[in-house]
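Below, read A as the first sequence line, B as the second, and so on, with proteins coming before strands; counting in each chain starts at 1.
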2 protein chains.
Amino acid sequence: MPVRVLLVDDEPLVRAGLRAVLEAQPDIEVAGEAADGAAVIPLVRQLRPDVVAMDVRMPLLDGIEATRALLRTVAEPPKILVVTTFENDEYVYEALRAGADGFLLKRARPAEIVHAVRLIAEGESLLFPASVRQLAAEYGEGRGNRAVRAELERARLTEREAEVLRLMARGLSNAEIAARLVVGTETVKSHVSAVLAKLGARDRTQAVITAYESGFVAPG
Amino acid sequence: MPVRVLLVDDEPLVRAGLRAVLEAQPDIEVAGEAADGAAVIPLVRQLRPDVVAMDVRMPLLDGIEATRALLRTVAEPPKILVVTTFENDEYVYEALRAGADGFLLKRARPAEIVHAVRLIAEGESLLFPASVRQLAAEYGEGRGNRAVRAELERARLTEREAEVLRLMARGLSNAEIAARLVVGTETVKSHVSAVLAKLGARDRTQAVITAYESGFVAPG
DNA sequence: GCCCGCCTCCCCCGCCCGGGGGAGACGCTC
DNA sequence: GAGCGTCTCCCCCGGGCGGGGGAGGCGGGC
């Protein structure tokens, strides 16, 4: 029986690359893809993959939160392989603490990627290679610096913010959203600003685009 | 005869992704790969590709210098498609000034990537695609709410307006669209107003929503 | 020739939007 | 109790946005 892998990355190109590399192996199979951490849990329930190749930075729900959510809510969770671009990514250590089983750089050679997936699937831990060990030393146990924490909060929308984003994605103005939620327009502005900041969007249009591109809202 | 493409990117994963996407097309062929701009010139001489898909940021020789060197030293240079991660990358415009024929975001959908390579190969500039309607048809195929799409069809956007709507749906401001199309901001405002009127949208956000709902642009 | 659609650019103007602050109330955890 | 996060509301302020006009050039169709 082949190792079944779920790919989670917001860039279609990276997903295609991982798919190409992994499906070239007879003993590895790509079970599915997701463009954001928010889509992971239902997909895992549906597909029951052995391994989730999880990007760290994603627009709505990042790899850390998705990992936490997955391990918290799914009975027999898959192994989680964190895939990242940056060697010194502050996220990596957090993701591993959140329960990920290993991490992999995107610039790794195909053979390394394949090797990593096989090891993870077998239950081996790819934890704490040299660079990560260094990170662990730098950032110490619970005393994360402010920058890291701020970054961590960046991608996680609160319930209210998600609600506001949904209404933004239906074309409502701040005043209309305020009326709908029975709050003041200033309140809506606060939520909108928070959404823009967390999504890295410059204006509501870019936020709505992100909502569509991530699958947070679906057309039709 | 297929379009022959040379892939230049320092990340093997991205190369694998591009290869997977492009080789799925019968009329496109990957002639070779390079991991750095420094390797491009001899490879172009040896392989004679039609198109070079060139990353901007590379460790030894970046895409800008590689483009300049290519156009300076090779007799009949291939078309150069700049591939980048960041939308607002200043390097992109520098690369275009250096003589690149177009640029493409890594987060682009496979259909867009394929389309871009074909257009570039045909000698079209990707900054000014000639038939936006064709794009709309391609992306709208089988997708989207039929009623909304019919409305969009009835609206009969001009080519320029469709182009502007496409850029709006990528999150660009009026000033950015003006820069991209090399026209004045007042001109863009005219087009945007026309688009809003024809789509019955109150603001650009609603217009972008209509674009998604109609399949004029598609997520993922 | 004339009209019309398209693309281009210009004016003025109102206003919503988004950034920068701050602050109080509530609930939760430690 | 102290601290934190969330939700709520407030201030000021600049700038982008969109409406409503107009206008010139250019091509095609009548």
Side-chain angles (χ1 to χ4, degrees), chain A residues 61 64-65 68 72 141-210, chain B residues 88 127-133 154-210:
Chain A
L61 191 68
I64 299 159
E65 288 301 331
R68 286 206 190 95
R72 195 172 56 235
E141 270 316 292
R143 53 186 271 243
N145 71 35
R146 222 173 314 156
V148 175
R149 237 199 277 283
E151 281 284 69
L152 283 179
E153 289 309 316
R154 190 179 57 85
R156 211 182 100 262
L157 299 184
T158 68
E159 256 182 57
R160 203 55 157 169
E161 288 160 0
E163 204 173 355
V164 168
L165 177 55
R166 266 181 230 110
L167 295 176
M168 288 165 67
R170 290 172 61 172
L172 275 63
S173 67
N174 288 341
E176 288 167 343
I177 294 174
R180 185 73 65 93
L181 299 182
V182 198
V183 296
T185 56
E186 295 300 327
T187 302
V188 174
K189 286 179 61 177
S190 293
H191 292 316
V192 170
S193 291
V195 168
L196 297 185
K198 290 182 177 179
L199 265 48
R202 185 182 49 200
D203 50 47
R204 66 202 299 110
T205 303
Q206 287 189 353
V208 169
I209 291 170
T210 300
Chain B
N88 293 329
L127 301 179
F128 315 97
S131 79
V132 180
R133 236 171 256 287
R154 207 179 330 113
R156 301 228 181 277
L157 297 185
T158 69
E159 208 149 307
R160 204 52 157 171
E161 288 160 359
E163 173 72 11
V164 168
L165 177 56
R166 245 187 76 250
L167 295 175
M168 287 164 67
R170 300 188 84 73
L172 274 66
S173 68
N174 288 340
E176 287 167 343
I177 294 174
R180 190 72 63 89
L181 299 182
V182 197
V183 296
T185 56
E186 294 300 326
T187 301
V188 174
K189 285 180 63 178
S190 293
H191 292 315
V192 169
S193 291
V195 169
L196 297 186
K198 289 184 178 180
L199 297 186
R202 183 181 51 199
D203 51 47
R204 65 204 297 110
T205 304
Q206 287 189 353
V208 169
I209 291 169
T210 300

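Applying the side-chain hydrogen bond (donor to acceptor under 3.5 Å, both in side chains) criterion to B/Asn174, with sequence neighbours excluded, gives B/Arg204. For A/Thr185, the side chain to side chain contact (heavy atoms under 4.5 Å, CB included) partners two or more places apart in sequence, or in a different chain, are A/Ala175, A/Ala178. By the side-chain hydrogen bond (donor to acceptor under 3.5 Å, both in side chains) test, A/Glu186 is found to be paired with no residue, residues two or more places apart in sequence or in another chain being considered. A search for side chain to side chain contact (heavy atoms under 4.5 Å, CB included) contacts involving B/Ala194 returns B/Glu161, not counting sequence neighbours. Taking the salt bridge (Lys or Arg N to Asp or Glu O under 4.0 Å) definition, one finds that B/Arg202 meets it with A/Glu176, sequence neighbours left out.
Rounded to a whole Å, the CZ atom of A/Arg180 is 20 Å from the C1' atom of D/dC7. Between B/Glu159 atom CD and C/dC6 atom C1' there is a gap of 11 Å when expressed in whole angstrom units. Note: CG (B/Leu181) to C1' (C/dT8) measures 12 Å, nearest angstrom. As a whole-Å value, the separation of A/Ile177 CD1 from D/dC7 P is 14 Å.
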Per-nucleotide protein contact string for nucleotides 10-30 of chain D (B base, S sugar-phosphate only, - none; heavy atom under 4.0 Å): BB-----SBB-----------
Contact letters for nucleotides 25-30 of chain C, in which S counts primed atoms plus P, OP1 and OP2 and B counts the base, heavy atoms under 4.0 Å: ------
Full working for side chain to side chain contact (heavy atoms under 4.5 Å, CB included) between B/Thr205 and A/Asp203: CA-CA 9 Å; B/Thr205 304; A/Asp203 50 47; over 6 Å; no
CA sep, side-chain torsions, deciding dist, call: A/Lys189, A/Val192, side chain to side chain contact (heavy atoms under 4.5 Å, CB included): CA-CA 5 Å; A/Lys189 286 179 61 177; A/Val192 170; 5.6 Å; no
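Side-chain proximity of B/His191 to C/dC9, D/dT8, C/dC7: nearest is C/dC7.
For the OP1/OP2 pair of D/dC7 and a distance below 4.0 Å, the side-chain nitrogens and oxygens of A/Thr158 include at least one atom meeting the criterion.
In this structure, A/Glu163 pairs ionically with A/Arg160, as a charged nitrogen and a carboxylate oxygen lie closer than 4.0 Å.
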